[in-house]
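Every chain is numbered from 1, with letters handed out A, B, ... down the list of sequences. Here the structure is a predicted model, which is why all the values come from computation and not from measurement.
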Protein chains: 2
Amino acid sequence: MANMNDVTNDFDLEQFLPYLLNQAAEATSHSFEKEYRDRYGFTRTQWRVLANLGKFGAMTARDICAIGHIEKTKVSRAVAALETTGMLHRSPSERDRRAEVLSLTEKGLGVFAELGSMAVSFDRQLRDMLGSDQAGQLQALLRRLMALSPSSSQS
Amino acid sequence: MANMNDVTNDFDLEQFLPYLLNQAAEATSHSFEKEYRDRYGFTRTQWRVLANLGKFGAMTARDICAIGHIEKTKVSRAVAALETTGMLHRSPSERDRRAEVLSLTEKGLGVFAELGSMAVSFDRQLRDMLGSDQAGQLQALLRRLMALSPSSSQS
DNA sequence: TTGACTTAGTTGCGTACGCAACTATTAGTG
DNA sequence: CACTAATAGTTGCGTACGCAACTAAGTCAA
């Protein structure tokens, strides 16, 4: 006498990891996004590109794609935008004339410093809410997940 | 004699939870997205709306917004699309003439069953890669994070 | 050197989205 | 009841994006 409707599989949205990850990502990113959007008119991708350059120093667009798992057209457009707002500077690579080495300008560094410190305190709040051990666990798990994933070229 | 450049705060992208969450969410969602996009031409939001209706049964758009933390215009458009492809059916609510009760059609239920079982096996793969205790931890942490978040109306 | 293949980066086109503004209905208050 | 505020849902407009196609430069081998 099983439920006739057992076509309905045992799928449970609330336990579906991609769904939970998405929700958590949206929820946390969304509030911080307001900061860079309102203050500097940045896109999420622009913020990421800036953050990568700020953290790791001058590098090529291709490197940003690889490190940040960001698709190249997204990076291309973000770089263009950051350049026109004077945040970064492109200089032709000498090793490869197809590539350009990107580096933050003084202005870009300043903005990175500001947003970076806001990010730090935002992150601290999150970690405080979670409790620092749990936050650490979460971080480790996310890292592991990334390491296991097929990596791919990402969205 | 601190580093003159200590405007450079201690921000570390690789430890920034919103960033890690985003990467993990993108990475995991991206591969599953291919399934519903290729097979049914669904948007991520369409898939989520269908999944919520499939899991929780008939409900109003507003409820979907609340449960799934999805913004209402997104839901509105997804519902419209799912209706034109015959996945769901709207009937006017008797309690509130502004609202409409949404329910999956036979076709919608069938599609939900198919995608649901694919989701189950996709999720199982993820959990196998992580190890089931770690997967469980991750799930619990994400839930907790969502519970703590200001919730808001979400993207 | 030349020709086939890969790679760095850009761009055109179509789509999903975010936000603000809108309509229609309901709730609340004197 | 009358009038204001809140709510369910839709839509117009501008933007960021995904994908495929493209240009230009590098690689590799015969």
Side-chain angles (χ1 to χ4, degrees), chain A residues 22 25-27 29-34 36-38 40-50 58-85 88 90-102 152-155, chain B residues 22 25-27 29-34 36-38 40-50 58-85 88 90-102 152-155:
Chain A
N22 248 299
E26 287 293 332
S29 299
H30 206 272
S31 28
F32 187 65
E33 183 161 25
K34 217 183 162 323
Y36 51 77
R37 203 166 38 76
D38 290 357
Y40 306 104
F42 287 163
T43 274
R44 192 176 296 184
T45 308
Q46 285 172 44
W47 149 244
R48 288 203 197 170
V49 167
L50 183 106
M59 64 205 282
T60 204
R62 193 194 144 279
D63 297 330
I64 298 180
C65 292
I67 294 181
H69 301 272
I70 315 177
E71 204 244 356
K72 66 181 182 173
T73 69
K74 248 162 118 172
V75 170
S76 174
R77 290 189 246 247
V79 166
L82 290 169
E83 189 188 28
T84 67
T85 51
L88 64 75
R90 315 158 103 123
S91 59
S93 161
E94 281 154 14
R95 323 206 155 223
D96 186 338
R97 269 177 296 171
R98 291 170 302 181
E100 296 180 295
V101 177
L102 309 169
S152 74
S153 49
Q154 236 42 14
S155 89
Chain B
N22 248 299
E26 287 293 332
S29 300
H30 206 271
S31 28
F32 187 65
E33 184 161 27
K34 216 182 163 323
Y36 51 77
R37 205 167 37 76
D38 290 358
Y40 306 104
F42 288 164
T43 274
R44 192 177 295 184
T45 308
Q46 285 172 44
W47 149 244
R48 287 203 198 170
V49 167
L50 183 106
M59 63 204 282
T60 204
R62 192 194 145 277
D63 297 330
I64 298 180
C65 293
I67 294 180
H69 302 271
I70 315 177
E71 204 244 356
K72 66 181 182 173
T73 68
K74 248 161 118 173
V75 171
S76 174
R77 290 189 247 246
V79 166
L82 290 170
E83 189 188 27
T84 67
T85 52
L88 64 76
R90 315 159 102 123
S91 59
S93 160
E94 281 154 14
R95 324 206 154 222
D96 185 340
R97 269 178 296 170
R98 292 169 300 182
E100 296 180 296
V101 178
L102 309 168
S152 73
S153 50
Q154 244 26 28
S155 89

Which atom pairs link the protein and nucleotides 3-5 of chain C when you take only N or O atoms and keep those under 3.5 Å?
none

Discussion item. Nearest whole Å is fine: how far is C:dC17 C1' from A:Glu26 CD?
Written reply: 11 Å

Worksheet entry | Side chain of B:Glu100 - closest among C:dG9, D:dG9, D:dT11 | D:dG9

Worksheet item: Can you name the residues that form a side-chain hydrogen bond (donor to acceptor under 3.5 Å, both in side chains) with A:Ser76, not counting sequence neighbours?
Response: none

Worksheet item: Roughly how many Å is it from CG in A:Asn22 to P in C:dA16, rounded to a whole number?
Response: 17 Å

Worksheet item: In terms of the nearest nucleotide of DNA chain C, which residue is placed more toward the 5' end: B:Ala78 or A:Arg90?
Response: A:Arg90

Fill in: From D:dC17, C:dT10, C:dA20, nucleotide with atom closest to A:Thr45 side chain
D:dC17

Worksheet, complete the sentence: Nearest-nucleotide check on DNA chain C, B:Arg95 vs A:Ala61; residue mapping nearer the 5' end is A:Ala61

Discussion item. A:Ala61: which residues meet the side chain to side chain contact (heavy atoms under 4.5 Å, CB included) condition with it, sequence neighbours left out?
Written reply: A:Val75, A:Leu102

Fill in: A:Ser29 side chain vs A:Glu26 backbone, donor-acceptor pair below 3.5 Å
no

Discussion item. Go through it in stages, so that I can follow the logic: the residues are B:Asn22 and A:Arg44, the test is side-chain contact (heavy atoms from CB on, under 4.5 Å), and I'd like the CA-CA distance, side-chain angles, deciding distance and then a yes or no.
Written reply: CA-CA 11 Å; B:Asn22 248 299; A:Arg44 192 176 296 184; 3.2 Å; yes

Worksheet item: Mapping B:Ser76 and B:Arg37 onto DNA chain D by nearest heavy atom, which one lands closer to the 5' end?
Response: B:Ser76

Worksheet, complete the sentence: Between CD of B:Gln46 and C1' of C:dC17 the distance, given in whole Å, is 13 Å

Listed pairs, N/O of protein and of nucleotides 1-7 of chain D, under 3.5 Å:
unit_1	atom_1	unit_2	atom_2	d
D:dT7	O2	B:Arg98	NH1	2.2

Discussion item. Looking at A:Thr43 and A:Thr45, would you say the former's side chain and the latter's main chain have a donor-acceptor pair under 3.5 Å?
Written reply: no

Practice prompt. Check the distance between D:dC17's P and B:Lys74's NZ and give it to me in whole angstrom.
Written response: 13 Å

Worksheet, complete the sentence: A:Ile64 CD1 to C:dT10 C1', in whole Å, measures 15 Å

Discussion item. Taking side-chain hydrogen bond (donor to acceptor under 3.5 Å, both in side chains) as the definition, give me every residue that meets it alongside A:Tyr40, ordered by chain and number, with sequence neighbours left out.
Written reply: A:Glu114

Worksheet item: Between D:dA25, C:dC17, C:dT26, which one does the side chain of A:Asp96 approach most closely?
Response: D:dA25

Worksheet item: For B:Arg37, which residues count as a salt bridge (charged side-chain N to carboxylate O under 4.0 Å, His left out) partner, sequence neighbours excluded?
Response: none

Worksheet entry | Integer-rounded Å distance: D:dA16 C1' and A:Trp47 CH2 | 19 Å

Worksheet, complete the sentence: Ranking D:dG9, C:dC19, C:dT10 by distance to the side chain of B:Glu71, first place goes to C:dC19

Worksheet item: In chain order, what residues pass the side-chain hydrogen bond (donor to acceptor under 3.5 Å, both in side chains) check against B:Arg77, with sequence neighbours excluded?
Response: none

Discussion item. Tell me whether the side-chain N/O atoms of A:Arg77 come closer than 4.0 Å to OP1 or OP2 in D:dC17.
Written reply: no

Item to complete: Rounded to the nearest angstrom, tell me the gap between atom NZ in A:Lys72 and atom C1' in C:dT10.
Response: 9 Å

Worksheet entry | B:Glu33 CD - C:dT15 P separation (whole Å) | 16 Å

Discussion item. If you compare every side-chain N and O of B:Ser93 against the phosphate oxygens of D:dG9 (OP1, OP2), does one of them come in below 4.0 Å?
Written reply: no

Worksheet, complete the sentence: Contacts of A:Arg97 meeting side chain to side chain contact (heavy atoms under 4.5 Å, CB included) (sequence neighbours excluded), chain-then-number -> none

Worksheet entry | Closest to the B:Thr73 side chain, choosing from C:dG9, C:dT11, C:dG18 | C:dG18

Worksheet item: Got a sec, which residues hit side-chain hydrogen bond (donor to acceptor under 3.5 Å, both in side chains) with B:Thr60, two or more places apart in sequence or on another chain?
Response: none

